[in-house]
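Since the structure comes first, as structure tokens, the remarks are kept for the end.
In this chain, numbering begins with 1 at the start of the sequence shown. First listed ligand is number 1; within each ligand, the first listed atom is number 1.
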Amino acid sequence: MKKGKIFVISGPAGVGKGSVLKKLLETRENVFISVSATTRLPRAGEEDGVHYHFLDVDTFHKWIAQDAFLEYAEYVGNFYGTPRRFVDEALEKGQDVILEIDVRGAEQIAQKRPEAVLVFIAPPSWEELERRLVQRGTESPEKIEKRLLRARVECRTASTYHYFVINDTIENAAKELNAIMTAEHCRSMERMEVISGS
Ligand code: 5GP
């Protein structure tokens with residue numbers, strides 16, 4: 001069976017990555033969204049094992065020592081990491097794997113899995129990003145300020161990504177992401193078996 005592909009999705013906090021991915025799943029099958037581990041506390045409505053695996057710092061470090069993470073990074077005072085096992089199991093089953101991770105995690109994936117496709121989701125403007133972060137209402141003003149600062153750093157590294165999707169509307173962004181995933185499966189390298197079999 002053909003293995004799946006890794007798609008890394010990054011973008012500043014509040015840009016709407018979660019909403020875009022939710023929309024994508026309405027139309028696209030055979031996709032596994034990796035559930036990260038984090039030491040951040042759950043937000044209202046977030047469930048352990050669904051949105052994140054919520055770990056304490058000691059357990060997170062144990063997972064690091066066991067080499068259980070494909071990548072991990074510290075982001076605004078908390079640790080986040082991608083559990084390796086589920087990613088590899090899904091790829092073996094032929095599923096495409098989406099990693100919604102920050103730019104430092106993306107750098108590690110690019111090193112370890114150079115075949116991974118990196119997609120950056122950007123806001124239509126800074127004003128809009130700020131508005132969305134405030135409207136979301138999940139963070140204190142101080143945390144929002146930290147996340148906005150971090151967002152500027154992240155956007156500066158966006159040119160290292162293969163694709164750039166602007167989330168003006170969730171529908172457009174999900175359509176573009178879907179198109180990128182389809183195009184990646186149409187690459188000549190991917191289709192060689194078909195050609196050589198004819
Ligand atoms: P939030 O706290 O808003 O859920 O996530 C904060 C940031 O951490 C986001 O940019 C998100 O993409 C990133 N993130 C979530 N999971 C992971 C992960 O497993 N690894 C890394 N490197 N970043 C992650």
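The shortest N or O to N or O distance between G81 and ligand 1 is under 3.5 Å.
Applying the 6.0 Å contact sphere to CD of E29 captures no more than 12 heavy atoms from other residues, nucleotides or ligands. By the neighbour-count criterion of 12 heavy atoms within 6.0 Å, atom CD of E171 is densely surrounded, having more than that number from other residues, nucleotides or ligands. By the neighbour-count criterion of 12 heavy atoms within 6.0 Å, atom CZ of R131 is densely surrounded, having more than that number from other residues, nucleotides or ligands. Within 6.0 Å of CD on Q66 lie more than 12 heavy atoms contributed by other residues, nucleotides or ligands.
For A13, the heavy-atom gap to ligand 1 stays at 4.0 angstrom or more.
The OH atom of Y161 lies 9.5 Å from the CD1 atom of I9; values are rounded to the nearest 0.5 Å.
The closest heavy-atom contact to atom 3 (O) of ligand 1, among the options H53, R40, R147, comes from R147. Counting heavy atoms only, S36 comes closest to atom 16 (N) of ligand 1 of the residues P12, G11, G105, S36. Evaluated by nearest non-hydrogen atom to atom 6 (C) of ligand 1, the leading choice among Y72, Y75, F79 is Y75. Selection from H51, E154, K17, E139 by nearest heavy atom to atom 10 (O) of ligand 1 gives K17.
Under 4.0 angstrom from ligand 1, there are no non-hydrogen atoms of E74. Contacts between R150 and ligand 1 below 4.0 angstrom, taking non-hydrogen atoms only, are absent altogether.
Between E89 and R84 there is no salt bridge, since none of the side-chain N atoms of the basic residue sits less than 4.0 Å from a carboxylate O of the acidic one. With salt bridges taken as basic N to acidic carboxylate O contacts below 4.0 Å, one links R113 and D88.
Centroid-to-centroid, the aromatic rings of H162 and F120 stay 6.0 Å apart or farther.
Proximity to A73 (heavy-atom distance under 4.0 Å) selects the following atoms of ligand 1: 22 (N).
Among protein heavy atoms, atom 4 (O) of ligand 1 sits closest to Y52 OH, 2.5 Å. Among all non-hydrogen protein atoms, the one lying nearest atom 11 (C) of ligand 1 is E100 OE2, 3.5 Å. Scanning all protein heavy atoms for the shortest distance to atom 13 (C) of ligand 1 gives D102 N, 3.8 Å. The protein heavy-atom contact nearest to atom 20 (N) of ligand 1 is E71 OE2, 2.7 Å.
Using bins of under 30°, 30° to 60° and over 60° for the plane-to-plane angle, the ring pair Y80/Y75 lands in the perpendicular bin.
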